[in-house]
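Shown next, in structure tokens, is the structure this report addresses.
When reading the values below, keep in mind they use all heavy atoms of this one structure, side chains included, and skip hydrogens, waters and symmetry mates. Chain identifiers are assigned alphabetically (A, B, ...) following the order of the sequence lines, protein sequences preceding nucleic acid strands; residue numbering begins at 1 within each chain.
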Protein chains: 2
Amino acid sequence: MGVRMDELDRKILRALQADAGQSLDEIARQVGSSKTPVWNRVRKLREAGVIGPSTVIVDPEALGLEACFFVLIRTSEHEADWQKRFLAALKARPEVQEAHRLAGEIDYILKVRVANAKAYDDFYQALISEVRVFNVTALLSMEELKASTALPV
Amino acid sequence: MGVRMDELDRKILRALQADAGQSLDEIARQVGSSKTPVWNRVRKLREAGVIGPSTVIVDPEALGLEACFFVLIRTSEHEADWQKRFLAALKARPEVQEAHRLAGEIDYILKVRVANAKAYDDFYQALISEVRVFNVTALLSMEELKASTALPV
DNA sequence: CGTGAAACTCGGAAACA
DNA sequence: TGTTTCCGAGTTTCACG
């Protein structure tokens with residue numbers, strides 16, 4: 001996907017990532033342009049899929065989600081069918097915030113956000129009952145030092 | 001932080017996380033209420049810090065950020081001063097999207113998004129020149145199976 | 001391709017039930 | 001607390017320079 005983007009586009013992206021609730025006038029002022037050109041570019045970027053949906057950042061603690069685990073998974077199974085079931089299991093579980101297939105020793109990493117250790121264990125038991133995994137290591141986060149949704153543009 | 005939240009609040013949060021660009025009327029329709037009550041609750045949730053700033057989801061690939069690493073860090077240093085410098089280094093680098101202090105063998109995990117392997121190495125070299133670390137393992141993501149900013153509510 | 005203005009929509013507040 | 005109403009502000013479109 002090769003999208004042509006100039007410096008103005010990048011400035012707009014930065015402004016939107018910082019706060020998507022700003023008015024067009026406000027953004028235009030920040031990036032040194034004016035309303036209509038900014039709006040046209042935002043529309044283009046949306047159509048090109050560079051800008052996706054907008055969301056709100058929600059505080060996990062306020063929802064009682066006080067535990068965050070990174071789960072390192074090794075498996076001995078690499079057939080297409082197994083992968084399909086594994087993927088389906090991950091997608092079905094909202095506590096799985098991220099899932100990556102990795103290169104190297106460890107096959108997958110998950111980021112799982114739950115209320116407490118018990119809730120993680122429930123998740124873990126449910127997962128291994130659905131798909132066979134060879135080895136699972138859970139890393140418990142003690143403190144979220146940095147969390148940024150913004151990409152460096 | 002104990003915020004009282006009923007089912008309606010949760011429905012509103014779900015709607016906002018799915019798409020923060022919706023109008024109040026639209027959200028009200030979805031959650032089975034009407035404009036003013038929804039707006040009052042959104043305001044309360046914002047004031048309580050449950051709802052933070054709104055952002056847009058940007059496609060990393062479109063920006064040329066094609067590599068994602070999870071970095072496992074062990075250190076032998078645990079003094080306050082070291083931690084402070086380490087934290088400052090992480091905060092200063094936009095390619096670090098997440099940083100957690102962990103319980104157990106591994107002390108920290110980072111999620112780092114960069115253009116390519118070379119860019120990761122630049123980051124790595126810069127980091128270890130700023131702060132001493134005992135051991136670093138980088139896990140390279142081959143495929144992002146799931147990425148969700150929405151918390152289960 | 002940027003400017004300025006038009007029309008329409010939405011957010012936010014106030015008054016009422 | 002929810003409903004109705006209202007206005008200023010913001011979004012989106014368009015005709016023009």
Answer with base, sugar-phosphate or nothing: what part of the nucleic acid does B:Thr36 contact at a heavy-atom distance below 4.0 Å? base

For DNA chain D, stems built from three or more consecutive Watson-Crick or G-U wobble pairs below 3.5 Å: C:3-17 with D:1-15

Whole angstroms only, please: what is the CG-P distance between B:Asn40 and C:dG11? 14 Å

Rounded to whole Å, please give me the gap between CG in A:Asp25 and P in D:dG8. 17 Å

Any link between A:Tyr108 and A:Val114 through a network of hydrophobic side chains (Ile, Leu, Val, Met, Phe, Trp, Tyr) touching at under 4.5 Å? yes

Hey, are the side chains of B:Glu95 and B:Leu65 touching, using non-hydrogen atoms and a 4.5 Å cut-off? no

Could you state the atom-to-atom distance from CG of A:Leu24 to C1' of D:dA9 in whole Å? 12 Å

Grab the two heavy atoms, one from A:Ile73 and one from A:Ile106, that are nearest each other, plus how far apart they are. O-CG2, 3.6 Å

Considering all heavy atoms of both residues, which atom of B:Ala150 and which atom of A:Gln97 are nearest to each other, and what is their separation? O-NE2, 3.8 Å

What nucleic acid atoms does B:Ser33 come within less than 4.0 Å of, heavy atoms only: base, sugar-phosphate, or nothing? nothing

Minimal heavy-atom distance between A:Trp82 and A:Arg132, with the atoms involved, is NE1-O, 2.9 Å

5'-most by nearest nucleotide on DNA chain C - B:Gln22 or A:Leu8: A:Leu8

Taking all non-hydrogen atoms of both residues into account, name the closest pair between A:Lys146 and B:Arg93 and its distance. NZ-O, 2.9 Å

To the nearest angstrom, how far is B:Lys35 atom NZ from C:dT9 atom P? 13 Å

Which of D:dT3, C:dG12, C:dT3 is nearest the side chain of B:Pro37? It is D:dT3

Using atom CZ of B:Arg43 as one end and atom P of C:dG11 as the other, report the distance to the nearest whole Å. 15 Å

Distance test, side-chain N/O of A:Ser34 to OP1/OP2 of C:dT3, below 4.0 Å: yes

Distance, rounded to the nearest Å, where B:Trp39 contributes CH2 and D:dT5 contributes C1': 16 Å

Consider salt bridge (charged side-chain N to carboxylate O under 4.0 Å, His left out). Of A:Lys44, A:Arg41, A:Arg4, which one does A:Asp9 pass it with? A:Arg41

How long is the line joining CD1 of A:Ile27 and C1' of D:dA9, in whole Å? 15 Å

Atom NZ of A:Lys44 and atom C1' of D:dT12: how far apart are they, to the nearest Å? 15 Å

